[in-house]
Peer 1: 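Okay, handing you the structure first.
Bear in mind the structure is a predicted one, so any value in this text is a computation, not a measurement.
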Amino acid sequence: MSQSAVRQPTSAANVREPKNFGKRREATLITITRNGHERHFPVSPLATGMIVGILAMFAVGYFSATAYLMLRDDLIGMTQARNARLLHEYEDRIASLRSNLDRVTSRQLLDQQAIEAEVAQLMERQEALGGRDGRIGKLIENAQKRGLQTKTPDISSVDPVATGSVVTPADDKPALERRAGLSGFDLRGSSGALGEPSQPVLVVAANMPDISNYNETRDLFQSVKNRIEQVDRSQRDMLDTLRKQAVERSYKIATVLDQLGAKSAKDGSGVGGPYIALDPGTAFEAHVEALDQSLKSLDKANTLLSRLPVGNPAKGAPLSSPFGARTDPFLGHAAMHSGLDFKASTGTEVRAAADGKVIDAGRNGGYGNMVEIDHGNGIATRYAHLSKIKVSTGDKITRGTVIGEVGSTGRSTGPHLHYEVRKHGKAVDPIRYLKAGRSISNLL
């Protein structure tokens, strides 16, 4: 028979109960009362323990750090020293920036003053150039009246060798302004001919320009200054060229006067020497004075020359009988011919050989119709056998004036001009004067 376990009932005395059996732990409550109403918030013990633990940790850390800092006061000193060092560094940097700002401001002020000085200098030189126009124009006019050649130099650009650049054309004003930011400037090229009113090289507006780019501004001023110097140099070169021409003409005339035995500009002066051109760097006033003196010397030489019978009274007419001994055409005997005979047809114009005063105009024996002119210094000329006389006694005439027409009046074998030159009443060979006149024909 199988045995089966029979579960026996357990008695209450034999059952073991837990120690906390029958004990109940209440949850922690947080109660908030407001206006008579209560609100309860249960808090589990675990959460409470965690909160308390965290607060305890923070408290322990705080007090530990405070104690550490209190015990290590040198750390605070190091921190304060570092902060002071940083403060000093910032103060030094700020002072350096202020110094740089002051330096930049001072430099801009100096640049502004430099530009103002440059403008004042350029304007002064421009006014000086403008003031020369009248004097140069008068000198050139006087020089042209005396037959001197004047040539206006080309000053449209500055010498690239001397300046390294060419001035921007005057009509490109925006380009000039862009180069230096000179919106307050009006720049023009002085392209007027010398002796004529010229446009200003530089005109300055009321406000000074922006000098943010001083180097380009300075370069532009240098270009303008170079142009003014070019104009000034051209003016002086032109005056020196005219002076050289005047001196050369005076010397040629004086040489002719000496050859003819006339009183010249050389007589009694006690001066001389080779011609040496003025240095281009010589002051403008010196060039003006030198040219003025040269023109006066030329005038004196021309005055003396104008009264010498070096002109041809019958230009183009062939010489038919020279001065000196010859066979008389009427008597066939040897005779003295006191002048020159020019073969020309009746009516050919006869011109005065030099400046002078008519002292005789009419019939005069074998001369026929004759005109005699006194040229001063004991020199006189006679024009004989005229068909017509076109001047009167007492008339003042100049070289080249028509005084009559060729004819065959008086003791003449045919139409021709008998021309005499007399010095202190004595007939001299006119050919000397005619040859001298041919040698300086371009000066007459």
Peer 1: Between Lys296 and Asp292, does any NZ, NE, NH1 or NH2 come within less than 4.0 Å of an OD or OE carboxylate oxygen?
Peer 2: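 Looking at Asp292 and Lys296, the cut-off is met.
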Peer 1: So, for Ala427 and Ser338, which heavy atoms are closest and what is the spacing to 0.1 Å?
Peer 2: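 Ala427 and Ser338 have their closest heavy atoms at CB-O, 3.7 Å.
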Peer 1: Could you tell me whether Arg326 and Asp341 make a salt bridge, using a distance below 4.0 angstrom between a side-chain N and a carboxylate O?
Peer 2: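 Salt bridge between Arg326 and Asp341, a charged N being under 4.0 Å from a carboxylate O: yes.
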Peer 1: Under the side-chain hydrogen bond (donor to acceptor under 3.5 Å, both in side chains) rule, collect the residues that match up with Lys390, sequence neighbours excluded.
Peer 2: Glu405
Peer 1: Looking at Met57, I'd like to know if its CE atom is crowded, meaning that more than 12 non-hydrogen atoms belonging to other residues, nucleotides or ligands lie closer than 6.0 Å.
Peer 2: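 At most 12 heavy atoms, drawn from other residues, nucleotides or ligands, come within 6.0 Å of this atom.
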Peer 1: What's the spacing between Leu148 CG and Leu291 CG if we round to 0.5 Å?
Peer 2: 8.0 Å
Peer 1: Evaluate the side-chain proximity of Arg103 to Arg107: yes if any heavy-atom separation is below 4.5 Å, no if none is.
Peer 2: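 They are not in contact (no side-chain heavy atoms under 4.5 Å apart), so the answer is no.
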Peer 1: Might you point out which heavy atoms bring Leu417 and Ala314 nearest each other, and give the distance in Å?
Peer 2: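 Distance-wise, the nearest heavy atoms are CD2-CB, 4.0 Å.
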Peer 1: Less than 4.5 Å apart, side chain to side chain, heavy atoms only: is that true for Val310 and Leu434?
Peer 2: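 Val310 does not reach Leu434 side chain to side chain.
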Peer 1: Would you please name every residue forming a side-chain hydrogen bond (donor to acceptor under 3.5 Å, both in side chains) with Thr348, sequence neighbours left out?
Peer 2: Ser345
Peer 1: Can you name the closest pair of heavy atoms from His385 and Ser412 and give their distance?
Peer 2: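 Scanning both residues completely, I find the closest heavy atoms to be ND1-CB, 3.9 Å.
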Peer 1: Using the rule given for salt bridge (Lys or Arg N to Asp or Glu O under 4.0 Å), can you reason through Lys145 versus Glu141, listing the C-alpha separation, both sets of side-chain angles and the distance that settles it, and then say yes or no?
Peer 2: CA-CA 6 Å; Lys145 289 180 179 179; Glu141 183 180 356; 3.8 Å; yes
Peer 1: Look up atom NZ in Lys252 and atom CD1 in Ile440, then write down how far apart they are to the nearest 0.5 Å.
Peer 2: 9.5 Å
Peer 1: Go through the side-chain N and O atoms of Thr381 and His375 and say whether any donor and acceptor fall under 3.5 Å apart.
Peer 2: yes
Peer 1: If you take all heavy atoms of Tyr383 and Arg351, which pair is closest and at what distance?
Peer 2: CE2-O, 3.7 Å
Peer 1: What residue pairs, at least two apart or across chains, pass ring-ring contact (aromatic ring centres under 6.0 Å, His included) with a residue in residues 335-365?
Peer 2: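 Only His337-His418 qualify under ring-ring contact (aromatic ring centres under 6.0 Å, His included).
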Peer 1: Nearest 0.5 angstrom please: Asn302 CG to Lys300 NZ, how far?
Peer 2: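 Asn302 CG to Lys300 NZ: 13.0 Å, rounded to 0.5 Å.
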Peer 1: For residues Ile359 and Thr393, determine if any side-chain heavy atom of one lies less than 4.5 Å from a side-chain heavy atom of the other.
Peer 2: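 They are not in contact (no side-chain heavy atoms under 4.5 Å apart), so the answer is no.
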Peer 1: Holding to side-chain hydrogen bond (donor to acceptor under 3.5 Å, both in side chains), I want the full list of residues that pass it with Gln293, two or more places apart in sequence or in another chain.
Peer 2: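 Scan of Gln293 (side-chain hydrogen bond (donor to acceptor under 3.5 Å, both in side chains), adjacent residues dropped) gives Glu289.
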Peer 1: Is there a donor-acceptor pair under 3.5 Å between the side chain of Ser106 and the backbone N or O of Asp102?
Peer 2: yes
Peer 1: Going by heavy atoms in the side chains, are Val402 and Val350 under 4.5 Å from each other?
Peer 2: no
Peer 1: Would you call Arg93-Glu89 a salt bridge at under 4.0 Å N-O?
Peer 2: no
Peer 1: Can you list the steps and then say if Ser96 with Ser99 is a side chain to side chain donor-acceptor pair (under 3.5 Å)?
Peer 2: CA-CA 5 Å; Ser96 177; Ser99 177; over 6 Å; no
Peer 1: Looking at every non-hydrogen atom in both residues, tell me the closest pair between Arg399 and Asp355 and how far apart they are.
Peer 2: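 Of all heavy-atom pairs spanning Arg399 and Asp355, the closest is N-OD1, 2.5 Å.
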Peer 1: Measuring only between side-chain heavy atoms, which start at C-beta, is Arg307 closer than 4.5 Å to Ile379?
Peer 2: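 No; the side chains remain at least 4.5 Å from each other.
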Peer 1: Quick one: does Asp395's side chain have a donor or acceptor within less than 3.5 Å of a partner on Val391's backbone?
Peer 2: no
Peer 1: Flag the pair Arg236 / Arg233 as yes when at least one side-chain heavy-atom distance between them is below 4.5 Å, and no otherwise.
Peer 2: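 Yes; the side chains approach each other to less than 4.5 Å.
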Peer 1: Got a donor-acceptor contact below 3.5 angstrom from the Ser408 side chain to the Gly414 backbone?
Peer 2: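 Yes, Ser408 side chain to Gly414 backbone: donor-acceptor pair under 3.5 Å.
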Peer 1: Which pairs with one or both residues in residues 357-367 pass side chain to side chain donor-acceptor pair (under 3.5 Å), sequence neighbours excluded?
Peer 2: Tyr367-Arg382, Tyr367-Glu420
Peer 1: Taking the side chain as every heavy atom from C-beta outward, state whether Asp374 and Val358 have any pair of such atoms under 4.5 Å apart.
Peer 2: no
Peer 1: If you measure from CD1 on Ile403 to CD on Glu349, what distance do you get to the nearest 0.5 Å?
Peer 2: 11.0 Å
Peer 1: Quick one: which residue pairs count as a salt bridge (charged side-chain N to carboxylate O under 4.0 Å, His left out) with a foot in residues 427-444, not counting sequence neighbours?
Peer 2: none
Peer 1: Considering all heavy atoms of both residues, which atom of Gly347 and which atom of Ser387 are nearest to each other, and what is their separation?
Peer 2: N-OG, 4.2 Å
Peer 1: Do Val256 and Ser439 have side chains that get closer than 4.5 Å, going by heavy atoms?
Peer 2: yes
